[in-house]
Every structure is written in C-alpha cells, then in structure tokens.
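Worksheet for the structure shown next.
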Amino acid sequence: MKKFPKEEYSVPFFEEEGYVRNLCPKCGEYFWTQNPDQKTCEEATPEGCAFYTFINNPPTRKSYSLGEMREAFLSFFEKLGHTRIKPYPVVARWRDDIYLTHASIIDFQPYVTEGIAPPPANPLVIVQPCIRLVDIANTGPTFGRHLTVFEMGGHHAFNYSDKEVYWKDQTVRFHHEFITKELGVKSEEVIYKEDVWVGGGNAGPDVECIVRGLEVDTLVFMQFKVVNNEFVKLPIRTVDTGYGIDRYSWLSQGAPSCFHAVYGSLLSKIFDMAGISEIDNDLMIKIAEVSGLVSLDKTASRLKARRKIAEIVGMKVNELDELLLPIENVFAVADHTKCLSFILSEGVIPSNIQEGYLARLLFRRAYRLMKMLGMTDRLYDVMDMQIGLWSKDYPHLKEMRNEIMEILSVEEEKFQKTIKRGEGLVKRIARKLKKENIPEIPVETLTELYDSHGLPPEIVKQFAEKEGVEAEIPENFYALIAERHIQAPGKVEETEPQEAPGIAVSDLSETEPLYYQDQYMREFEAKVAKVLDNEYVVLDRTCFFPEGGGQPADTGYLVFDENKVEVVNVQKVGKVIVHQVKGVVPKEDSIIKGLINWERRYELMKNHTATHIINGAARRVLGKHVWQFGTQKGTARSRLDISHYRRLTLEEIHRMERLANQAILRNIPVETSQMGRSEAEKLYGFRLYQGGAVPGKEIRVVKIGEWDVEACAGTHLKGTGEMGFIKIVHSERIQDGVERLVYSVGIPALKTVQENEKKLWKLSDILNAPLEKLDKTAEKVVRELKEANAEKRKLIKEIAARESAVVGARPQTEVISHIDGIRLVTRDFKEVIDVDRMVQTANAMIERDEATVSLFYGTDGKNVRIMVMAGETALEKGVNANEVIREASAIIGGGGGGKLNFAQGGGTIVRKLPDAIKKAEEVLKKQLKH
RNA sequence: GGGCCGGUAGUUCAGUUGGCAUGAACGCCUGACUUGCACUCAGGAGGUCGGGGGUUCAAAUCCCCCCCGGUCCA
C-alpha cells in the first residue's frame with residue numbers, strides 16, 4: 001500500500017508536546033510517542049507488538065458504561081462548538097452502493113463529502129450505531145476487539161476552499177484533550193500510529209490512537225479521491241474521526257472482554273442460559289491480556305495464536321480450546337442478537353438477496369451458535385432482553401418488537417426446514433458412499449452442500465457420522481467456497497448502447513421543468529436551445545416529463561412552422577432534458593409549441609399517485625417493516641414490489657384494496673414541495689427514501705395527507721379522488737422476502753374487473769351452472785374427470801387381459817408359431833399404435849405363460865411401432881428383444897432399443913413393415929436355435 | 001447484481017447411455033392378527049414426471065423459453 005511521507009503526520013501539536021517518531025520493528029509501522037525509549041508501537045497486534053495492559057487495570061479516571069461513554073463523548077465535543085446530530089439508520093437507504101451504515105462518515109457520503117449538499121452542521125458530532133459483517137468470524141474470538149454492531153463516535157469538520165473549519169492539528173488537539181482531560185488518561189500513555197486510510201473511493205492519511213495496547217479510535221484526514229489507483233485531491237477536506245465507543249467503555253472498565261463491558265448483566269444471563277459457569281477470573285484476565293494475538297482473517301496464524309496463548313497461560317492447546325470455544329460462542333451470541341435486533345427493527349426482511357441476505361446470515365450464525373450452546377429455545381428471550389436493553393437509547397426497537405418476533409419465528413422455521421432437508425440429503429449421500437466403500441465425504445461434496453444447500457460443514461459432518469461416514473473439514477473451507485465463485489466470467493450480455501442521447505449537453509444550461517410548476521400543464525411554448533443528430537431537441541423549458549423513478553417518459557408533439565412532429569422519447573441527461581423526435585427538427589433559437597399526450601400522462605399520474613396510496617395501505621395492513629423495493633408505472637397496469645416476510649393472502653390483499661379505496665374516497669390532497677435534504681430528513685425521517693437513493697442537495701417531497709410521504713420526482717394528482725378506483729389485480733413473489741403487487745387505476749381497473757367477470761360468466765356457461773355454484777360444480781367435474789381417467793386405465797388392463805387370453809382366435813391379424821418350446825405370438829394391432837396397450841397385453845400374456853415371446857406391431861399410416869417382450873423361459877433360451885428391435889426398425893427407417901426382455905422401436909417407412917416383421921421373426925428364430 | 005442446486009404418488013425421494021413409472025419408504029383405504037412405546041401380515045387406491053415449445057420411431061431423461069422453490073457470495 002502507498003504510504004504518505006512524514007510531513008503528512010507531523011502536526012505542530014506533536015512537536016510542542018515532545019513527541020518522537022519511531023518505527024515499530026514488529027509490525028513495520030511508524031508511531032508517535034512522548035517516550036523516546038519506546039521500541040514497539042505498543043498495540044496488541046496479531047504480530048505481537050504488545051499485549052493489553054488495561055485489563056483489570058483501566059487508565060481512565062472512572063468506569064463508563066456504553067451509554068455513559070456515548071454521552072461523555074457527545075457533550076465534550078458539544079462544548080467545543082460541535083452541533084450534536086441524531087444517529088442515522090443502520091440500513092443505508094440513502095445510498096445505492098452499500099447496504100449498511102458501517103461508519104459515521106457514511107451518513108454524509110457522498111452528497112456532503114463531494115460538495116453536492118451542505119452538511120447538517122459544521123462542525124458536528126455524532127454517535128452512530130454501525131454494522132460491520134466483514135469481522136463476523138472474529139466476533140467472539142478476539143474478546144470484543146471486533147463486533148458486528150458497535151457505536152462509532154465522530155466529530156466531523158468539512159473544510160471548503162472558502163471556509164476552513166479545522167484540520168489535522170486541531171483534530172489531534174481535540175482528541176488528546178478528550179482522552180486526557182475528560183477521561184483522565186495520562187498523556188504519555190497515548191500513542192499515535194501512522195496509517196493510510198482508503199475507503200469508499202476516498203483516501204487520506206490517518207492516525208490510530210493506542211492506549212495500553214488497545215486501538216480506541218482513528219483520526220482520518222480525507223482529502224483524496226482514488227482514480228485509477230492514483231490519489232487525486234478533493235475540493236473538500238473532511239475530518240473523519242471514528243471513536244470506538246464500545247472499546248472506550250471496555251478500556252474504562254478494564255473488563256476481561258468488550259462484551260462484559262457493553263452487555264453487563266445481559267451477558268451473565270446468556271452464560272446462565274447456556275449453563276456455562278464463568279471460568280476462573282485470574283485465568284480469564286490472563287487470556288484476555290493476550291487476546292490481541294488472535295485474528296481469524298489470517299487463517300495460518302489462527303492456530304499459531306491459540307498455541308501461543310496456551311503456552312503463555314500454561315495450558316494444553318486442546319484444553320484451552322475446549323474452555324474458550326463456548327465462551328467465545330456466548331460472546332458472539334450476545335453480539336449477533338443485538339445486531340439482529342437493530343437490523344430487523346429497520347424493516348430488513350431476511351432473504352436470499354441484498355441486505356436481506358445479511359440479515360439471514362446473521363440469524364443463521366446466531367442460531368447455530370445457540371444450538372452448539374444448547375439454548376435455541378431461549379432465542380426469543382435473548383432477543384427480548386436485547387430490545388429491552390437498547391430501546392432506552394433507540395426507542396424504535398421497542399416499536400418494532402412484535403414484528404421482529406414474527407420475523408424471527410418465520411426465519412427459524414425456514415432454517416429448520418433447510419437443516420431437515422439437509423439431514424435427509426446427507427443421509428442419502430452417506431449411504432451411497434458406504435455402498436461404494438468410500439469412507440469419507442469428498443471435499444467437493446462438502447462445498448456443494450454448503451454452497452447449494454446451505455449446510456455448514458460441521459452439520460454435514462455430524463449427520464454423516466451418524467451414518468458411519470467420516471467427513472474432514474479442510475482448514476481453508478471458506479476459501480474453497482470463494483474459489484467456486486471466481487470462475488471465468490460467463491458471456492457478458494451485450495447491452496445495446498442506449499440510443500438515448502449520450503450526447504455532449506454538459507455545456508447547455510438547465511432545462512426549466514414546467515411539469516413541476518403545474519403538473520396539469522398540457523401545452524407550452526419554448527425556445528429551441530440545441531438540436532443534435534437531426535433527432536434530439538433540447539428546449540429552454542418543457543413540460544414533457546423525462547423517464548425516471550419508474551415513470552415512463554411523456555409522448556406528444558412539437559409544433560413549428562407547418563410541422564407537427566412526434567416526440568417518441570424524453571430523457572434527462574444531467575440537468576438537461578432531451579426530446580427525441582421522429583421527422584423534421586426545428587431550427588435552433590426558433591420558438592416552438594409543445595403538446596403532450598395528455599390522456600397518457602394523466603393515466604400515468606393516476607398510476608403514480610396510486611403507488612403511494614398502495615404503499616401506505618401495505619404498511620398499514622402488513623406492518624411497518626414494509627418498504628418499497630421497486631416500481632414500474634404504466635397506463636393500464638402498474639406494479640409495486642414490497643418487502644414482506646410471508647406470502648400475501650387474498651384476505652390481506654382485499655384489506656389493502658379496501659384501505660386504498662377509502663383513501664381515494666376521502667379525496668386527500670397531494671402536496672409537493674422542494675426542500676433541503678437535511679430538513680426533509682429531520683421532518684419526515686428516512687421513510688422518505690422508499691424509492692431508493694435520491695441524488696442532489698434539494699429533494700422533492702410528495703406528501704399525501706397523513707397517508708404517505710416520500711421523496712419522489714414524479715408527476716402526481718392534486719387529490720386522491722381523481723383516481724376513482726384502485727384494484728389489485730395480481731400478486732406474486734419475485735424473491736424471497738419481496739412481494740409484487742400489480743394494480744390498475746380508474747377505468748382500466750374497472751375493465752379488469754369486467755374481464756374477470758366475463759371469464760366467470762363464460763365458465764358458468766360452459767359448466768352449465770349458476771355463478772354461485774361454480775366452485776362446487778368445478779370440483780365435481782375435476783373429480784369425475786379423475787375417476788374417468790382411472791376407469792380408462794382399468795379398462796385398458798382389462799382389454800389387455802382379455803386379448804392376451806384369446807391367443808390364436810384371430811387368424812387374420814395373428815400368427816402363432818412354436819419354436820424350440822417357445823410360443824411366438826406375432827400380432828398386428830392395426831391402427832392402434834398405443835404402446836401402453838401393447839405393453840399391457842404382452843405383460844398379461846407373459847404372466848400366463850413365461851414361455852412366450854410377443855412381437856406386436858401396428859401403424860397409423862404415418863408411423864410404425866414395433867414392440868417385443870419376452871418371458872423368463874424365453875430369455876433363458878437366448879432371446880434378446882433389444883437385438884430383434886434394432887434389426888427390424890432399421891428396415892423401416894427408424895431406430896429402437898431396450899433391454900433383453902423388452903424393447904420397442906419404430907420408423908416411418910410404412911410399406912416396409914412386412915419386411916421388418918419378417919426380419920424380426922428371422923432374428924428371433926436364430927436366437928432360439930442358437 | 002452474480003453463481004450453484006432442485007421441481008416425479010398426500011409427504012420424503014429413487015429413476016444408469018433416451019426404451020414398461022411391475023417405482024421405494026412413510027401416509028391413506030379394506031381385511032386379518034393383535035390391543036402399549038413407529039404393532040405385524042395380506043390386499044387396494046393414489047401420477048398432466050412444474051408449464052410450453054423443439055429434436056426423435058420413442059423424452060421424466062437431450063435442447064430452448066417460461067414459472068416455482070432452495071442456497072451461496074458481493
């Protein structure tokens with residue numbers, strides 16, 4: 001990685017305070033210290049630069065709980081002139097590049113850090129709950145250095161070329177004051193380690209602060225954008241600090257683990273539930289002190305680290321492993337259940353895609369750990385405790401409690417199903433292997449079971465051993481999984497280069513959107529600003545709505561001189577709206593008249609407003625976890641995809657319909673307003689971003705009374721009454737956790753209802769039954785059909801039995817010959833080439849007399865079918881049906897085959913059928929004589 | 001967004017190179033034997049092989065499209 005020169009880190013503060021810069025011989029990083037004799041960086045790294053010295057020996061004046069530390073941090077920086085900002089959600093709905101908020105700066109990217117929107121305050125201070133699943137394997141084993149959910153404190157300053165707030169030196173001074181004055185840590189114990197920070201396409205130098213072995217925060221000076229591996233200066237320099245509030249609390253308590261510090265009595269309760277008594281305190285402290293050596297990312301050093309720790313504390317490796325494993329699992333359970341409560345409280349539905357998958361991953365991991373601890377029955381108790389504990393600071397957890405519990409039970413059921421299915425699968429595989437004398441499940445089977453069936457190798461091993469088959473889980477198992485996914489990239493789908501104008505319009509000024517001034521405007525006059533490629537027209541203003549937000553572009557006409565040309569497409573390119581026309585184009589700088597296809601647009605407006613109405617109804621009927629997943633508006637039909645953990649019932653759909661139509665009847669006014677991003681978020685919360693991330697500094701808010709409020713750029717009705725009528729016409733599940741609602745509005749909705757009615761009437765006509773008895777009649781008809789089918793099968797059998805009995809009774813279609821004690825029945829089925837019939841007859845015939853060979857054939861004039869079946873006795877005499885059929889079918893221009901006792905074939909040369917039969921008889925005779 | 005696996009009787013699943021679905025187990029019905037821990041025995045019913053095209057004399061099986069489910073990763 002690129003390193004920055006010393007000057008980037010050498011702030012006046014270090015000089016004033018007598019800091020020296022040394023190079024750590026173990027990890028190879030530079031660090032700043034007030035103690036010139038200090039050799040290593042003193043961070044408890046996996047390389048073993050140092051060990052923790054704060055365990056049972058905290059350096060702070062007093063001990064802080066997580067909440068107390070959060071408050072201490074916030075009020076300290078508030079006193080220094082920072083504005084306190086409320087935390088953002090942990091699901092980063094305002095971004096489309098990431099799913100979860102994993103740092104406080106995420107809240108302000110990219111709009112603030114790229115200078116698109118002003119920050120809510122400058123400077124500001126925030127404590128942001130964060131979720132990081134990349135460290136999930138380390139959560140537990142590292143005693144809390146890694147958590148999947150944690151609180152990050154940040155004091156942020158955004159420096160513009162014309163407005164400097166504060167930069168490196170001041171940041172370090174603030175930090176130092178907090179840690180020494182506020183918390184009481186001795187100045188000489190505070191070490192600053194140099195580092196290069198890269199993240200989210202941005203970069204800059206940073207210093208990490210180490211106290212008694214623990215890295216407690218990082219001070220980042222973001223000032224570059226990473227372009228083609230090069231650092232390019234950003235116009236805005238951002239002070240991005242990240243204080244690990246959980247780690248600070250751990251430091252201040254000197255607890256054996258960060259989990260002890262954060263969860264307190266909740267952790268003890270989980271230990272109780274798992275039936276684990278906490279181990280000897282002295283030993284625990286000893287282990288905790290050296291836990292910095294652990295890091296599971298580096299698989300190679302993992303066992304080494306265990307061995308090292310065992311050596312230091314004077315235990316055998318497997319003894320230590322046995323002792324630590326359940327404890328680490330309890331730690332992870334505490335962490336994962338908190339993380340789940342946060343993620344689920346914001347309406348993430350566990351599923352197999354996107355952020356839903358992350359929720360599922362978390363749940364399944366937590367559940368597996370609980371299973372190992374034998375406490376899955378306490379899942380709901382633990383979750384309840386987490387909700388109780390954290391809703392003091394984050395009250396929305398409590399509001400979502402019932403939905404969270406419901407989602408958990410659905411998820412538990414699904415996981416159990418998967419495991420059960422897996423058990424059967426492994427059993428079958430194991431038995432098969434045993435039969436083939438393979439004593440061990442091959443590695444590729446293990447990886448496939450995990451990748452395709454979600455079965456973790458430990459579980460497979462357990463099930464396999466029950467069947468007496470071994471399974472060896474390779475150390476690099478998850479690396480093998482990763483390998484499966486890095487296959488050669490398949491054919492990249494060639495997407496037609498968008499015909500829409502990817503044209504240089506950046507030099508043009510913004511097109512004035514008239515459709516926002518008056519959403520009902522149908523025609524306008526405008527000046528032609530630019531004409532491109534004899535096809536694309538840019539105007540100074542327009543009321544043609546460009547495609548966006550699931551709403552298709554308007555169509556219509558441009559009128560100028562004697563011409564009326566069709567507008568076929570409208571796209572927004574940056575701030576410029578481009579009209580694609582068919583026919584002649586107007587001259588630049590001329591005045592034209594625009595007419596939009598109002599009927600179409602009005603339908604789109606109705607459908608768009610309906611989306612908001614249905615979304616509101618879904619939230620009311622299904623719960624607050626419902627989020628819009630995607631939409632597409634049309635004139636006759638539109639669709640809305642929503643997140644939900646269960647298939648919708650007809651009853652739920654009807655309730656949504658009722659609510660939606662009630663909202664129409666009340667004719668609720670639809671208000672639109674343009675407002676600043678921060679202000680809108682403050683006023684309406686992040687519910688605004690139903691439609692996903694919305695770019696820009698100002699956002700357009702569409703508010704339908706108390707029913708629904710969203711950030712939305714589409715065109716809407718003045719009042720809901722204009723829709724007249726909404727009908728949900730269809731629903732389907734498009735992904736696990738995502739339901740699609742298809743609906744119609746107004747006359748098209750009525751039409752759909754009428755279409756359905758028409759079908760019912762027709763059905764009633766066909767079945768000759770009145771509407772109210774349709775269901776009963778249909779049931780009856782289907783039942784009778786099934787009975788008739790069964791009867792038919794029975795009859796074929798009966799006919800076959802009878803026909804097999806009367807061998808020799810029809811000389812014109814049947815020849816019977818006896819060869820070597822075998823009876824050969826050659827029968828012409830004429831036009832009946834139903835194989836089933838031949839087979840059944842032959843079966844019955846042979847059942848009566850095993851010394852029979854039946855040679856059956858028939859033709860419908862187009863196809864010829866031949867079939868040979870031989871009884872046990874005939875087989876013993878050397879009959880090979882397969883061979884007979886092969887030779888015979890070749891003659892009639894087809895093919896055939898089968899087994900020794902049964903074969904069938906056919907062809908298309910009908911006139912050669914007699915030859916083929918002769919051939920078959922010849923072959924049979926030869927086989928028998930042989 | 002990218003992979004991978006699957007859809008056959010009420011359920012869980014077999015089904016080799018295309019060639020009889022005499023499919024297996026459990027469940028169900030009838031009868032016998034037993035009344036206690038998955039009773040046992042005999043017999044029987046139960047199938048649009050997810051849907052639609054194609055290749056073939058012949059498709060559950062091969063090819064294409066669609067629908068539905070499961071699962072891993074970003």
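Each chain gets a letter, A, B and so on, in the order its sequence line appears, and its residues count up from 1.
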State whether the distance check finds a donor on one side and an acceptor on the other, under 3.5 Å, for side chain A:D451 versus base B:rU71.
no
Is it the case that the side chains of A:T101 and A:Q128 hold a donor-acceptor pair, with the cut-off being a distance below 3.5 Å and no angle test?
no
Could you check how far [atom1] of [X] sits from [atom2] of [N], rounded to whole Å?
| X | N | atom1 | atom2 | answer |
| --- | --- | --- | --- | --- |
| A:L455 | B:rG70 | CG | C1' | 11 Å |
| A:Q354 | B:rU71 | CD | C1' | 16 Å |
| A:I866 | B:rA58 | CD1 | C1' | 12 Å |
| A:I136 | B:rA74 | CD1 | P | 11 Å |
| A:E413 | B:rG70 | CD | C1' | 15 Å |

A:S452 side chain near B:rG70 phosphate (N/O to OP1/OP2, under 4.0 Å)
no
Have a look at [X] and say if it touches a base, only the backbone sugar-phosphate, or nothing, with a 4.0 Å heavy-atom cut-off.
| X | result |
| --- | --- |
| A:Y99 | base |
| A:R360 | sugar-phosphate |
| A:N901 | base |

Can you list everything that forms a ring pair (Phe, Tyr, Trp, His ring centres under 6.0 Å) with A:F150? Sequence neighbours excluded, please.
none
Strand partner of B:rU40, provided both Watson-Crick or wobble distances fall under 3.5 Å:
B:rA32
Footprint string (nucleotides 13-19 of chain B, 5' to 3'): B base within contact, S backbone only, - free, heavy atoms under 4.0 Å:
SS----B
Please report the interatomic distance CG(A:L425) to CD1(A:I419), rounded to the nearest 0.5 Å.
11.5 Å
A:E423 pairs by side chain to side chain donor-acceptor pair (under 3.5 Å) with which of A:R428, A:K466, A:Q462?
A:K466
Per side chain to side chain donor-acceptor pair (under 3.5 Å), A:T148 is matched among A:D335, A:T139, A:N138, A:D135 by A:D335
Identify, between A:M869 and A:R364, the residue whose nearest nucleotide on RNA chain B lies closer to the 5' end.
A:M869
Side chain to side chain contact (heavy atoms under 4.5 Å, CB included), paired with A:K461, selected from A:L446, A:I473, A:I441:
A:I473
Taking B:rG44 as the reference, what is the distance to B:rU61 when you measure between their C1' atoms (whole Å, please)?
30 Å
Hey, are A:D736 and A:R360 close enough for a salt bridge, meaning a charged N less than 4.0 Å from a carboxylate O?
yes
